[in-house]
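What you are looking at is a predicted structure, and each value in this text was computed from that prediction instead of being measured.
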Amino acid sequence: NSPAPAVGDICLTFQYPLYTGLRPRIVPGSTGHIAAIRGTEVEIAAEASAPVRRAKLQLGNGQSVPLRVGDNGVALAGRLVVIESGSYRFRLTPQDGPPALAERTYSITAEEDLPPEVRFTSGSEKTEVAETGRLELHYRAADDFGVAKLRLVVRRGKDETRTLLKRFEPAVERHSGPYTWDLAPLNLRQGERVVYWLEAEDEDSVSGPNVGRSQARQLEVFSERRKHKRLAELQEQLRRVMVHLLADQLLAPPDRPPCSTSVERMLIAQGNIAERRATVLGLFENAADSVRRGVGCCFWGVECYGHWVSP
């Protein structure tokens with residue numbers, strides 16, 4: 001069998017999926033190798049080195065794509081859609097011979113449309129809230145071809161619920177902002193833990209919408225019992241430290257003020273007075289912070305109450 005005619009002067013025209021918003025791209029004098037996002041339609045124009053009767057593209061997966069042959073017998077044209085990575089060769093039927101594959105093989109690379117990126121831009125991984133409070137979420141979402149939807153996903157045990165926060169028409173490449181989350185409709189219980197995250201969806205109409213998700217975060221609903229236990233532990237720590245602090249003062253020599261206690265004396269008293277004072281202040285600050293979050297507490301018979309105010 002005689003070899004197939006050679007193929008050259010390849011021109012590729014890329015028609016990208018509509019949702020990408022990309023303009024058509026023409027590559028004259030191409031190498032013939034194709035790399036494009038999945039769903040792209042590629043028009044192939046080439047010329048054979050000798051007239052042919054018929055022509056087609058033989059794909060690596062066994063399928064074939066017919067080519068149009070011009071009146072002169074050398075102009076070739078056809079279209080293929082990039083669905084998966086692979087390869088292709090020209091299969092030509094000369095004017096006076098059987099079909100034959102051209103020698104050269106060309107690659108097809110199907111590029112993936114990556115899912116959108118979405119992340120929280122402030123706040124902590126764990127947050128303590130009241131049952132009917134509000135939580136402000138700050139976030140940022142982005143996608144090369146546009147974010148179409150933004151959702152809040154909440155997991156309670158094995159159940160997940162999705163709430164649509166934003167729908168963009170048309171899709172936007174970037175979006176950021178706060179969202180004030182009202183927790184009252186969840187009917188949360190004291191001590192309950194809830195996991196949540198954000199999802200951003202694009203408009204990929206070829207492989208189905210791609211979904212990106214943020215890092216998961218956790219809510220813990222304020223528990224009076226747990227807080228009272230913590231405050232009781234703080235109270236016990238305060239009692240012990242203040243007893244040692246009083247002992248430091250009492251052990252100071254009578255002929256010198258307490259603040260001039262010797263180093264040896266302070267070591268016997270297990271630490272200097274300034275350090276114990278700092279410890280006491282730190283414990284009081286922790287207790288005060290708990291009070292501000294809405295826990296009633298009692299320090300040696302003195303009751304105090306606070307209320308947590310949602311932002």
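How far CG of L198 is from CZ of R119: 12.0 Å, rounded to the nearest 0.5 Å. For the atom pair E117 CD and R140 CZ, the distance stands at 11.0 Å (nearest 0.5 Å). Here R162 contributes atom CZ and K149 contributes atom NZ; the two are 12.0 Å apart, rounded to the nearest 0.5 Å. One distance of note links CD1 of I37 with CD of E112; it measures 8.5 Å at 0.5 Å rounding.
A cation-pi arrangement, defined by a distance under 6.0 Å to the six-membered ring centre and an angle within 45 degrees of its axis, is present between R25 and F14.
We find that E41 and R79 are joined by a salt bridge, their nearest charged nitrogen and carboxylate oxygen being less than 4.0 Å apart. For R38 and E111, the salt-bridge test fails: no basic side-chain N is under 4.0 Å from an acidic carboxylate O. Taking 4.0 Å as the cut-off between side-chain N and carboxylate O, R217 and E125 do not count as a salt-bridged pair. Salt-bridge check for E192 with R156: passed, with a basic side-chain N closer than 4.0 Å to an acidic carboxylate O.
Residues S85 and A110 come closest through the heavy atom pair OG-N, 3.0 Å. Smallest separation of non-hydrogen atoms from V74 and P51: CG1-N, 3.7 Å. Here the closest non-hydrogen pair linking G133 and D182 is O-OD1, 3.9 Å. Considering all non-hydrogen atoms of both residues, L188 and E131 come closest at O-CG, 3.5 Å. Between E136 and T180 the shortest heavy-atom distance is OE2-OG1, 3.7 Å.
The 12-atom threshold is not exceeded at CG of L18, counting heavy atoms of other residues, nucleotides or ligands nearer than 6.0 Å. Enclosure of atom CZ in R53 by more than 12 non-hydrogen atoms of other residues, nucleotides or ligands within 6.0 angstrom is indicated. R174 CZ: 12 or fewer foreign heavy atoms inside a 6.0 Å radius. Other residues, nucleotides and ligands contribute over 12 non-hydrogen atoms within 6.0 Å of the CD atom of Q218.
Among the candidates T13, V81, I34, I108, the single residue satisfying the side chain to side chain contact (heavy atoms under 4.5 Å, CB included) test with V42 is I34. Under the side chain to side chain contact (heavy atoms under 4.5 Å, CB included) rule, R54 has a single partner from L67, T93, L92, which is T93. Residue L12 forms a side chain to side chain contact (heavy atoms under 4.5 Å, CB included) with just one option from T31, I44, I26, and that option is I44.
Hydrophobic clustering places V129 together with Y179 (ILVMFWY residues linked when any side-chain heavy atoms are closer than 4.5 Å, directly or through intermediates).
Annotation: side chain of L137 is in contact with side chain of L152 (closest heavy-atom distance under 4.5 Å).
No donor-acceptor pair closer than 3.5 Å links the side chain of S87 to the backbone N or O of T105. Side chain of S30 to main chain of V27: no donor-acceptor pair is present (N/O by atom type, distance under 3.5 Å, no hydrogens or angles). Not a single donor-acceptor pair under 3.5 Å links the side chain of T40 to the backbone N or O of Y16.
In this structure, the ring of F120 has its center no less than 6.0 angstrom from the ring center of Y139.
In the model, D202 has no side-chain atom that pairs as donor or acceptor with a side-chain atom of Y19 under 3.5 Å. No side-chain donor-acceptor contact under 3.5 Å links E201 and N210. For the residue pair T121 / H138, no side-chain donor-acceptor distance below 3.5 Å is found, with atom types taken as modelled.
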